[in-house]
Amino acid sequence: MILSSIIPQPLARLPWKLLFLMVAIGSFGLVNLYSAAGGSIQPWALKQGLAIVLFLGMAVALSSVREERIKPLVMPIYGAIVIALVLTDAMGIVGKGAQRWLDLGIIRLQPSEFMKPCIALMLARFYELLPAGDIRSFRAIWPAAALIGVPALLIIAQPDLGTGLMVVFAGVTVMFLAGLPLRWFLLPGAAIAAAIIPIYEFLLHGYQKKRIDIFLDPESDPMGAGYHITQSKIAIGSGGIFGKGFMQGSQSHLQYLPEGHTDFAFATLTEEWGMIGGTAIIIAYLFVLRWAMKVAANAPTRFGQLSCAGLAAVLFSYFAINLLMVMGLAPVVGIPLPLISYGGSAVMTVMICLGLLMSFERQQRSRSGSTLS
Amino acid sequence: MNAPIRFTAVHQNLTFSRRMMVVGAAQVAVGGALVGRLGWLAVRENAKYNLLSESNRVQLIIVPPRRGWIVDRGGKPIAINRSNFRVDLIPDQVKDVPGTIAKLTGLLALTPDEVDRINRDIDAAVGFQPVQVAENVPYERYAAVTVRLPELPGVQPMRGFSRFYPTGPAVAHLIGYVGTPSAVDYKKTKDPLFLTPGFKIGKQGLEKVLEPYMRGKPGGQRIEVTASGKLVKELDPKPDQSGSTVALTIDAGLQEYAARRMGDNSGALVAMDLASGDILAFVSMPAFDPNSFSSGIGRTEWKMLSEDDHKPLINKVAQGLYPSGSTIKPAMALGFLKQGVDPSARVFCPGGMRIGNRFFSCDDRHGSMDMHSAIARSCNTYFWTMGLRTDPELTTEMVNYLGYGQQFEQLPINQRFGTMPSPKWLEQKYKRKWQGFDSANTSIGQGYVLINPLQLAVMPARLGSGMLLQPRLLMGAPKHPVAQVAVDAEHLKIVREAMGAVVNGGGTAAAAKLPLDGVQMAGKTGTAQVYKLTQRKVANANWALRDHALFVAFAPVEKPRYAIGCIIEHGGFGASSAAPIVRDTMTYLFDQQKAWATLGPLEQSWGGSLAERTARQSAAFKAAAQSAVQAKAAAAEAAAKPASA
């Protein structure tokens, strides 16, 4: 917080450190997209830049909405998104090529995007309403499981395994923080571990199975789907400590790295900027997460605590899944790295999360500020 | 923990902050793991991935390396590379594939078969790997393509190299030939070089065995390409590294002379230098022309060669096995001497002898024979008698020790090394006791005795030099110290003098006397039975039933320098065909002019020199192939007609 008489109060109240971090990451991403396009702001850098500015503005606007105004909207919005998901699935089945998204000009949105922050708020709301004494009973579990499961299954059926996993991850994190007995995590964890083979055999699509097969042994299909992981590792590994230099990445410039501007943008960046560039991004993200976790820890209300922690989990899952995938530690599931990968949806989701977090943070500060003064 | 405690908001807050610690720690842990992984990839594995990224980026348009030469002991070329013209095609750069191929078909007179092959190669080609259109293109056609290049994008006229063997068939079995690698060869190595047009590998003989030395390293144009194979820019070219030259112990002149001197015969000849064990000549005739093999041999030519009863596709030196006939006798005699037989002891030859209940007949009624005359006149009765008097195990051991039945492992050649039978061997192989007639058969080189022509030269070389010489074929091969033949020098002298008498003292090979002053040759004839002895005269009319003629020799008698072993298949009596060939070949070693003078008229009578006859044969092959194609086309037409009618 910059306290100066020159800067007007509303601006001075913004969390500048966070905004600076976001702008820094976004700018690095834009520079990288400029290089990936062979030294041109078209077709990616310019659009991405506009999306960042637009959604950053939206986040700042969102930060001024108070908790009391958000809370009553959570359930209706959740319901609306679930209905939208049902419609999307149904239309997808009927029309096959049917439009599955909203076209906003700059980005096309799938309803599943909105579910990521919404699931955090929805579960926070549920546990806020649940009497403290019931937290150890089955009543604390099944509604939450249903709240997560219904949209997650609808999303996975689209099929979009990556987004579905993110929704589950965010929801389960909130359940964990709400204080459910540990056995409710350990038992299903063990059950899932045991069910991995059946899930793999019966629940996954052919291409999803293949991704897992190839993740386990990328060399088994060097020219096919394992190509992504192999080429991404080559890009990152060949960058070395200092990288090949701006616009000098041969993997991305000669198109050996597929999706070098979207899901694998981090590999493009690391090839040119080396381990130093890659580490800078990771550290910047860890700072963003630390800020979000602090906001959660300092939130005075149960709804605030759980919402903020859930939103932090959404941010974390973007970051972790993408990087694990790009560095060959997880199967390819198609999760972008927000602000680095080209694509407005992820920017939007991340900005919604941050906007909400800023809103919670502003209220904490004004409250503590008022007690101090 | 005490049973049902009420869970309150305070508890909830406590749990929340405790679990927040866990979640935060997990996030930091994942972040740390990611940085660690990044470091592992970018630092620890950097070299590996740099290499992979470079091999992605840079592609090589491979230029096959020039193959190393094969030269003789004096540096005279045996296998070299001749530059030729070739036309390749880079599929990625061709705008109109069918049109281009149609134009090339006209310009290069491509056959439908070739067009078919080119189309298949184009479909299989990736990126910048060129596809061969034609090789060994005559200059006029090459020039015709060159002037039309502007209308033929992607067509690449090039100068390449083809293997050339100046003496052709004379070295065919020794050197082998080269050819385009097969799909199996490629699968074994996965080397893209194997798919490069114009690249040849050794397919037989020394070309195959010495492949690693002669191949060299490919060079080429390095280009930067995108993942889809589009050319970005050309980088500096990488020069090729031609293969090493291999020097053989062969004397190219002698090799050619001996091959030509064999004329129409089917046979083998090996000559050795007694100072070093160097193989000077390694001849197996008749042979194929390795020059025509290197550009791919036609089916008809192959068929005609493989059906020839003179077996031009078989390396007789290393793969041919024959009874030694009487050439075994000097070695046998040395074995007898070692076992205490008195060389002056006499045996009366009445024209044969009874062994058991069979009568073995000798070639002649030799009368009273001692060892010297028995070798000189090749009296079987003497050797039967002495063979029965001595221990067959020890006698065989001596013959084997001198080379018969031995394998020479240091030679880069696969050998069938035959058999020297002994009582022990017989027991092991046929589970029966050695009989008198086994001794008798073995002592005149029949029965189980089987030798190859290489051994036919090693045996006289060891007798002549008195050293246990090992044959050597590569000049670079290490020379091992050789031991003396472990016999009494006096015994060796007796055998050598008797062998001298074979040629110079009224022996069986008087016609093999060298036409030189002061150089006398020692030798021994051999006649290996192909058909039953009693019917020999009947069989003489039929080439395939005639006996094999053998001759082993060394010269000069007093101070031996060279040894030669020779077999002429179905050549009849040993002295009649093998001995004159050895005589002339030996003459070459002392006086080349005299030797060539002898060969001239002979070649006239055979219908021209080897080169002329090879050219005629190749024309015959082509004509046969042509008529075979026509016959096939006619047959196809005939088959098609009733269907359409």
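Naming: A, B, ... by sequence-line order, numbering from 1 per chain.
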Pick from B/Thr15, B/Leu38, B/Leu51 with the largest number of heavy-atom pairs that fall under 4.5 Å of chain A: B/Leu38
If we define contacts as heavy-atom pairs under 4.5 Å, which of B/Lys48, B/Arg57, B/Arg37 has the most with chain A? B/Arg37
Could you tell me if the side chain of A/Gln305 sits less than 4.5 Å from the side chain of B/Asn13, heavy atoms only? yes
Close side-chain approach of B/Tyr49 to A/Ile236, heavy-atom, < 4.5 Å: no
Check: A/Lys244/B/Ser53 side-chain N/O donor and acceptor closer than 3.5 Å: yes
Calculate, to the nearest 0.5 Å, the distance between atoms [atom1] and [atom2] belonging to [X] and [Y] respectively.
| X | Y | atom1 | atom2 | value |
| --- | --- | --- | --- | --- |
| B/Trp40 | A/Met327 | CH2 | CE | 14.5 Å |
| A/Ile234 | B/Glu45 | CD1 | CD | 11.5 Å |
| A/Ile135 | B/His11 | CD1 | NE2 | 13.0 Å |
| A/Thr230 | B/Leu52 | OG1 | CG | 9.0 Å |
| B/Arg19 | A/Met175 | CZ | CE | 11.0 Å |

What part of A/Ala178 is in contact with chain B, defined as an atom under 4.5 angstrom from a non-hydrogen atom: side chain, backbone, both or neither? backbone
Identify which part of A/Ile276 has an atom lying under 4.5 Å from any heavy atom of chain B, answering side chain, backbone, both or neither. neither
Tell me the closest heavy-atom pair linking A/Ala296 and B/Met20, and the distance in Å. CB-CE, 3.5 Å
Shortest non-hydrogen contact from A/Ala320 toward B/Val30: CB-CG1, 4.0 Å
Check whether [X] gets within reach of chain A through its side chain, its backbone, both or neither, counting any heavy atom under 4.5 Å.
| X | answer |
| --- | --- |
| B/Glu224 | side chain |
| B/Val23 | both |
| B/Val35 | both |

Just by modelled atom types, is the B/Asn56 backbone N or O under 3.5 Å from a matching donor or acceptor in the A/Tyr256 side chain? yes
Heavy atom to heavy atom, less than 4.5 Å: which residues from residues 309-317 of chain A reach chain B? A/Ala309, A/Ala312, A/Phe316
With a cut-off of 6.0 Å (strictly less than), are more than 12 heavy atoms of other residues, nucleotides or ligands near CE of A/Met247? yes
Other residues, nucleotides and ligands only: do more than 12 of their heavy atoms fall within 6.0 Å of OH on B/Tyr213? no
Without placing hydrogens or testing angles, list every side-chain donor-acceptor pair under 3.5 Å for residues 280-294 of chain A, not counting sequence neighbours.
{"unit_1": "A/Tyr285", "atom_1": "OH", "unit_2": "A/Pro338", "atom_2": "O", "d": "2.3"}

